[in-house]
S.K.: 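Dropping a structure here in structure tokens format, bear with me for questions.
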Number of protein chains: 2
Amino acid sequence: MRIGMISESLEDYLEIIYNLIDEGNIARVKDIAARKNVSMSSVTPALRRLAKEGLIKYTLRSDVELTGEGKKLAARIVDRHEFVKHFLVSLMKVPEAIAERDACIFEHYMSPETFRRLVVFFEFVDTCGMDIRDRFEQYRRNMESTGASDPCTSPDCRNTEMGSRHRRRWGQVKTLLMLKPGEKGRIARIQAPGAIRQRLIDMGVLPNVEIEMKRAAPLGDPIEIKLRGYHLSLRKEEAESIIIFPAQIEIREPDSGSGEYYG
Amino acid sequence: MRIGMISESLEDYLEIIYNLIDEGNIARVKDIAARKNVSMSSVTPALRRLAKEGLIKYTLRSDVELTGEGKKLAARIVDRHEFVKHFLVSLMKVPEAIAERDACIFEHYMSPETFRRLVVFFEFVDTCGMDIRDRFEQYRRNMESTGASDPCTSPDCRNTEMGSRHRRRWGQVKTLLMLKPGEKGRIARIQAPGAIRQRLIDMGVLPNVEIEMKRAAPLGDPIEIKLRGYHLSLRKEEAESIIIFPAQIEIREPDSGSGEYYG
DNA sequence: GCTTTAAGTTAGACGGATCTAATTAGATGC
DNA sequence: GCATCTAATTAGATCCGTCTAACTTAAAGC
Ligand SMILES: [Mn+2]
Ligand SMILES: [Mn+2]
Ligand SMILES: [Mn+2]
Ligand SMILES: [Mn+2]
């Protein structure tokens, strides 16, 4: 349990009581039980614990009231719940039901520092004038339709073998266009749809292949690269759609070399 | 506990075992206990539970090994831990130690959907060519130095009274510049430093004040607004730095009207 | 090979959070 | 005013995760 605080479970009870009252109902054991999906006989001891912490006023068989302290804590939890949910739904486009679940857990554990920064970031996104929401949505859709099936790039990739190169590295991501002449990288994904994507694949631009930036023409177009020993010329948009794995972190040799890997 | 999965505590044991082995050590009870900050006698039953789940190979008094299943689950947790931490540190600028703590909790609870989207968003930030990292950092710094003390805007504001207008609403945030002629809003913060900030404050542009956009000149500058009954003319940059509370959500009347509020 | 010591386990306890089954208190009906 | 019904509580159990204290094992010293 979080030191100096009440447990996640108790916080949820408090949140439910707050919401019930806020909605104009009275907070009865039965309704609390229903919302938390527990039996009534679990609610009674929970109320006792909350009362012991001075967060509610509880007398046997009468409806529950929040104390000043209780209101404050409950409001704080609800506040976080609503923010996180809104963040996930409106910006990250997480499905509502899932965002609801995630929010109702993060609300208990997120540090004030992280919370504050997410709030500021959220505000930044809307006020910086860069249209981040729409641009991201476009990127995401594109990614879902093109890159979702790439092995080891999907977040649910599990072919992580210990000591091998199979764990992902989370350094800053780059596009091929960002590499300096002479700089090398390993391809993570191609973030481009349809014809461009196909053309690149035909030229051998595939995940896990090593690629080297040779030079860019004065205006940044075309770009000369080296790949599997060949030299190729790419247009700027093409280079921009090739995502490179972050390479800052040293990769250790796998105990038993197994050919294909990434990292 | 998360349905069909092991508890947070067990996942942490698994993660610790993984890390110990990954670092070239052997996973001994003593070291596991030290990392998890529990007594050795707490580790033994935990190992038994992990063994029962088929995640480790455990024989009394000999060092612990991960099974294939165990490695996969552990790597998944470590993967998430590292991503979340990196996200918080490198983008949100959460202090390392705090990000570490947050990450080591979210790793257990974040839904795959949320995780996947955060990963994509992280990639988007670096590859969209909009320089989001630097711009956000500038915004954040600015906010910390100017707006951090605004009551009720700071995430740790607790003067949330139930049934009153004191809970924050998390709709999309706007700047004054984004309001259409005739549209009203309530000021949340001034996101501007130094002289500009002072000038606005002197004119009565303060948090919680209602403000109305009257009209903008053809090129967006100057802008005419109404505030406390006065008409004022602002420059574009000034209007851009005035953050307006989201107003989409209906606010209910407080039971006992108390003058100052926001929402 | 005996002794010492460190590592690991077991025994026994506790608090939190849940359950089912049994009981009690109040409100409702008539 | 008593019978009935529903809401709430209590009793008693279980599992998890932790603790301290006592014990056992095995390695290290000599
Ligand atoms: Mn919750
Ligand atoms: Mn919640
Ligand atoms: Mn953890
Ligand atoms: Mn962790």
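If you're wondering where the values come from, they're calculated on a predicted model, not measured in any experiment. Letters A, B, ... mirror the listed sequences (proteins, then strands); counts begin at 1.
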S.K.: Check whether Arg117(A) reaches the backbone of Met92(B) with its side chain - one donor and one acceptor, N or O, closer than 3.5 Å.
M.R.: yes
S.K.: Can you see whether Ser39(B) engages Ser41(B) through a side-chain donor-acceptor pair at a distance of less than 3.5 angstrom?
M.R.: yes
S.K.: Nearest to the side chain of Arg61(B), heavy atoms from C-beta on, is which of dT24(D), dA8(D), dG17(D)?
M.R.: dT24(D)
S.K.: Counting only side-chain N and O atoms of Thr44(A), is one of them less than 4.0 Å from OP1 or OP2 of dA8(D)?
M.R.: no
S.K.: Looking only at atom types and distance, does a side-chain atom of Glu82(B) sit under 3.5 Å from a main-chain N or O of Trp170(A), one as donor and one as acceptor?
M.R.: no
S.K.: Lys72(B) vs Glu69(B), test: salt bridge (charged side-chain N to carboxylate O under 4.0 Å, His left out). Steps then yes/no.
M.R.: CA-CA 5 Å; Lys72(B) 275 200 237 168; Glu69(B) 267 311 293; 3.8 Å; yes
S.K.: Is the shortest side-chain N/O distance from Ser41(B) to OP1 or OP2 of dT9(C) below 4.0 Å?
M.R.: no
S.K.: Mind calculating the distance between CD (Glu11(B)) and P (dG17(D)) to the nearest angstrom?
M.R.: 11 Å
S.K.: Has Tyr13(A) got a side-chain N or O lying under 4.0 Å from the OP1 or OP2 atom of dT18(C)?
M.R.: yes
S.K.: Nearest whole angstrom, please: distance from the P of dA6(C) to the NZ of Lys30(B).
M.R.: 9 Å
S.K.: Looking at Arg48(B), does any N or O in its side chain come under 4.0 Å of the phosphate oxygens OP1/OP2 on dT10(C)?
M.R.: yes
S.K.: Within this structure, what is the CG-to-P distance between Asp31(A) and dA7(D), rounded to whole angstrom?
M.R.: 9 Å
S.K.: Distance check needed: dT25(D) C1' versus Asp63(B) CG, whole Å only.
M.R.: 16 Å
S.K.: To the nearest Å, how far apart are Glu8(B) CD and dG16(C) P?
M.R.: 18 Å
S.K.: Less than 4.0 angstrom between a side-chain N/O of Tyr58(A) and OP1 or OP2 of dT9(D), yes or no?
M.R.: yes
S.K.: How is Ser39(B) classified with respect to the nucleic acid when contacts are heavy atoms under 4.0 Å: base, sugar-phosphate, or nothing?
M.R.: base
S.K.: Rounded to whole Å, please give me the gap between CE in Met40(B) and P in dT18(D).
M.R.: 16 Å
S.K.: In whole angstrom, what separates Lys52(A)'s NZ from dG16(C)'s C1'?
M.R.: 10 Å
S.K.: Taking the minimum atom-to-atom distance to the side chain of Ser42(B), which one of dT18(D), dG17(D), dA25(C) wins?
M.R.: dT18(D)
S.K.: Using only side-chain N and O atoms of Lys36(B), determine if any of them is under 4.0 Å from OP1 or OP2 of dT18(D).
M.R.: yes
S.K.: Before we go on, tell me: are the rings of Phe106(A) and Tyr109(B) under 6.0 Å apart, centre to centre?
M.R.: no
S.K.: Could you check how far CZ of Arg49(B) sits from P of dG17(D), rounded to whole Å?
M.R.: 4 Å
S.K.: Ignoring the backbone of Ser9(A), work out which of dT9(D), dA17(C), dT24(D) is nearest its side chain.
M.R.: dA17(C)
